[in-house]
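All ligand and atom numbering here is 1-based and tracks the order in the structure. A quick note: this is a predicted structure, and the numbers were derived from the prediction, not measured.
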Amino acid sequence: MKREEISQIDLKLLQEKYKDNFEFVEQKLKENYPVQYLIGNVDFLNTNILVDERVLIPRFETELLVAKTIDRINDNHIQNPNILDLGCGSGCISIALKKNLLCEVIGVDISEKSLELARENAKRNEVELQFIKNDMTTMSYEGADVIISNPPYVKKEEEVGESIKYEPQEAIYASEEGLYYYQRIIQNISKLEKKPKLIAFEIGMTQGSAIKEIAQKYLTDYKIEIEKDLTERERYVFLTLNTLSFFLHSMQNMIR
Ligand code: GLN
């Protein structure tokens with residue numbers, strides 16, 4: 001990012017934080033180093049999240065993922081849900097959910113380093129939730145009412161911005177045309193005895209129809225909706241368990 005592309009607010013923050021060595025900032029910006037890492041935190045909905053090279057920088061699109069998910073949880077009257085955030089990174093999604101909704105949240109990530117920062121972020125935002133190390137492709141999702149994920153979804157050969165090289169690569173790229181994690185998550189859910197009522201994904205803008213196909217194959221009892229972000233690009237997939245299936249599941253559990 002060039003100095004003239006930085007907002008006045010960010011420039012002011014940087015001048016304050018690096019008042020004795022602003023040359024460092026200028027050098028870093030020349031190298032396309034992310035301005036968010038230099039500042040050290042980002043606003044995310046009504047939270048503030050510390051960021052450094054251990055975690056992916058929260059994106060605007062992901063704020064909308066959280067807002068839309070909260071609306072759906074409320075619209076579907078899912079009360080006090082147990083929410084699983086797969087690939088939680090900095091913890092931004094988990095923390096924003098916990099701060100804005102009556103719910104229990106578990107954030108899962110394979111990176112111990114990101115979990116350290118996520119825990120720090122929870123403390124900073126005064127919310128109580130668990131951050132656990134696990135592999136989202138093999139772990140059990142048993143007991144989750146809602147599953148939310150912004151997994152790595154960028155194809156290996158995709159053109160991306162210069163500054164992305166400073167972010168954890170394992171949080172960005174995925175095999176199988178970027179679909180690997182959706183495939184694994186959806187297949188894992190299909191094997192669950194008690195299915196989550198809502199699944200919310202952030203997706204790459206060209207991946208909607210492919211993910212819909214996977215969901216149609218493995219999760220036949222879900223309604224599938226693709227939604228756009230503020231730039232009119234397909235960015236979210238919401239899977240809602242059909243009311244009848246939900247009812248039958250509950251009955252089965254009562255009889256048992
Ligand atoms: N949306 C991010 C980007 O374009 C990628 C994050 C992800 O893969 N979940 O850089």
Side-chain angles (χ1 to χ4, degrees), residues 1 5 31-39 42-45 47 49-69 83-97 107-111 113-115 117-118 121 131 134-137 146-186 188 199-212 214-215 226-239:
M1 200 177 233
E5 287 168 7
E31 293 163 11
N32 287 306
Y33 193 75
V35 65
Q36 296 91 335
Y37 285 160
L38 290 170
I39 293 172
V42 296
D43 289 328
F44 186 86
L45 292 177
T47 71
I49 301 292
L50 297 172
V51 291
D52 61 31
E53 288 182 22
R54 287 175 286 179
V55 296
L56 183 86
I57 298 163
R59 312 287 205 260
F60 296 124
E61 301 91 274
T62 310
E63 291 185 289
L64 196 52
L65 171 72
V66 174
K68 282 175 178 285
T69 301
I83 305 178
L84 203 50
D85 172 12
L86 300 176
C88 63
S90 64
C92 59
I93 295 176
S94 294
I95 292 165
L97 284 169
V108 174
D109 208 288
I110 196 139
S111 154
K113 286 183 187 166
S114 86
L115 292 166
L117 193 54
N121 277 322
F131 285 111
N134 215 329
D135 179 346
M136 68 163 116
T137 65
V146 175
I147 290 179
I148 187 167
S149 185
N150 172 24
Y153 59 67
V154 177
K155 290 181 238 177
K156 294 267 155 54
E157 63 285 2
E158 200 165 314
E159 282 279 327
V160 290
E162 265 280 309
S163 63
I164 278 187
K165 66 174 183 243
Y166 297 102
E167 294 183 276
Q169 303 297 290
E170 69 276 17
I172 293 174
Y173 294 101
S175 60
E176 314 281 331
E177 296 288 297
L179 298 170
Y180 175 73
Y181 292 94
Y182 305 110
Q183 289 168 349
R184 296 304 297 262
I185 295 171
I186 288 172
N188 288 343
I199 304 158
F201 289 131
E202 183 176 315
I203 65 166
M205 61 181 179
T206 60
Q207 294 172 329
S209 51
I211 295 169
K212 188 172 179 176
I214 303 167
I226 300 173
E227 291 211 11
K228 292 180 173 161
D229 64 19
L230 295 174
T231 63
E232 287 296 311
R233 293 178 170 106
E234 290 188 348
R235 185 63 63 194
Y236 314 101
V237 170
F238 293 98
L239 304 170

Worksheet entry | E167 side-chain N/O to L56 backbone N/O, donor-acceptor pair under 3.5 Å | no
Worksheet item: With sequence neighbours excluded, what pairs up with K68 under the side-chain hydrogen bond (donor to acceptor under 3.5 Å, both in side chains) test?
Response: E227
Worksheet item: S163 and N32: which non-hydrogen atoms are nearest, and at how many Å?
Response: CB-O, 3.0 Å
Item to complete: Name all pairs fulfilling the ring pair (Phe, Tyr, Trp, His ring centres under 6.0 Å) condition that reach into residues 147-178, sequence neighbours left out, sorted by first residue then second.
Response: Y33-Y166
Practice prompt. Could you tell me which residues satisfy side-chain hydrogen bond (donor to acceptor under 3.5 Å, both in side chains) with R184, sequence neighbours excluded, listed by chain and number?
Written response: Y180
Please tabulate, one line per pair, the protein N or O atoms found under 3.5 Å from any N or O atom of ligand 1, giving the distance to one decimal.
residue  : atom   : partner : partner atom : Å
ligand 1 : 1 (N)  : Y153    : OH           : 2.9
ligand 1 : 8 (O)  : Y153    : N            : 3.0
ligand 1 : 8 (O)  : I172    : O            : 3.3
ligand 1 : 9 (N)  : N150    : OD1          : 2.7
ligand 1 : 9 (N)  : P151    : O            : 2.7
ligand 1 : 10 (O) : R59     : NH2          : 2.8

Worksheet item: Ignoring hydrogens and geometry, is there a side-chain-to-backbone donor-acceptor pair from D109 to G89 under 3.5 Å?
Response: yes
